[in-house]
Amino acid sequence: MSELLTPTKTDQGWAVTMTPEMARAAGVAEGSIIVLYLKEGNVSAEIMPPATEEMKRSVRESIDKFKDAFAEMKRLNRTL
């Protein structure tokens with residue numbers, strides 16, 4: 001496996017986009033994400049499927065609909 005796995009920190013753990021080789025080995029869809037959780041010296045993982053086109057569209061619509069509210073939240077967060 002020559003691909004570099006770069007985790008992204010989340011509130012719950014670390015997310016890594018699975019390589020095609022990893023997805024095939026796990027029997028899941030390419031583009032799936034594995035989330036690693038660390039607790040009390042143990043590691044657990046959860047595989048999340050890639051977002052559907054409908055989900056992506058819904059998120060884009062929500063972002064557009066609430067863009068003013070999101071901008072205000074960002075502004076207020078910077079003042080804290």
Side-chain angles (χ1 to χ4, degrees):
M1 180 169 30
S2 63
E3 297 178 51
L4 178 64
L5 301 177
T6 305
T8 302
K9 179 73 172 105
T10 70
D11 289 340
Q12 292 80 30
W14 288 266
V16 177
T17 301
M18 298 175 76
T19 65
E21 181 182 45
M22 292 168 67
R24 282 191 300 277
V28 299
E30 284 192 25
S32 292
I33 296 170
I34 188 165
V35 182
L36 304 170
Y37 306 97
L38 304 174
K39 184 176 180 182
E40 298 174 5
N42 293 306
V43 177
S44 61
E46 178 179 8
I47 297 174
M48 314 254 321
T52 64
E53 287 305 314
E54 181 180 348
M55 292 169 118
K56 292 176 185 178
R57 181 185 48 75
S58 176
V59 168
R60 285 190 294 269
E61 288 173 0
S62 295
I63 289 169
D64 191 47
K65 181 177 180 179
F66 297 107
K67 66 183 171 191
D68 293 338
F70 293 144
E72 179 65 6
M73 286 187 271
K74 284 182 184 179
R75 187 189 69 77
L76 291 172
N77 190 44
R78 282 183 285 226
T79 63
L80 296 176

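We count residues from 1, following the sequence as given. Worth knowing before you read on, the calculation uses all heavy atoms, side chains too, and leaves out hydrogens, waters and symmetry mates.
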Closest contact, heavy atoms only, S32 versus P49: OG-CA, 3.8 Å

With sequence neighbours left out, the residues meeting salt bridge (charged side-chain N to carboxylate O under 4.0 Å, His left out) with D68 are none

Closer than 3.5 angstrom, by distance alone: can the side chain of S62 be matched with the main-chain N or O of S58 as a donor-acceptor pair? yes

CD1 of I34 to CE of M48, rounded to nearest 0.5 Å, is 11.5 Å

Spatial distance of atom CG (L36) from atom NZ (K9) [nearest 0.5 Å]: 11.0 Å

Can you check whether M18 reaches V28 side chain to side chain, under 4.5 Å on heavy atoms? yes

Counting only heavy atoms from other residues, nucleotides and ligands, does the tally under 6.0 Å from CE of M55 exceed 12? no

Basic-acidic side-chain contact under 4.0 Å: E61, R57: yes

For the pair R75 and E72, find out whether any cationic side-chain nitrogen is under 4.0 Å from an anionic carboxylate oxygen. yes

Nearest 0.5 Å, please: how far is OG1 in T6 from CH2 in W14? 15.0 Å

Quick check for you: to the nearest 0.5 Å, what is the distance between S44 atom OG and L38 atom CG? 8.0 Å

Correct closest heavy-atom pair for Q12 and Y37 would be O-CD2, 3.4 Å

Are I47 and L5 connected into the same hydrophobic cluster when the rule is that any two of I, L, V, M, F, W, Y join if their side-chain heavy atoms are below 4.5 Å apart? yes

Trace of the salt bridge (charged side-chain N to carboxylate O under 4.0 Å, His left out) decision for E21 with R24: CA-CA 5 Å; E21 181 182 45; R24 282 191 300 277; 5.7 Å; no

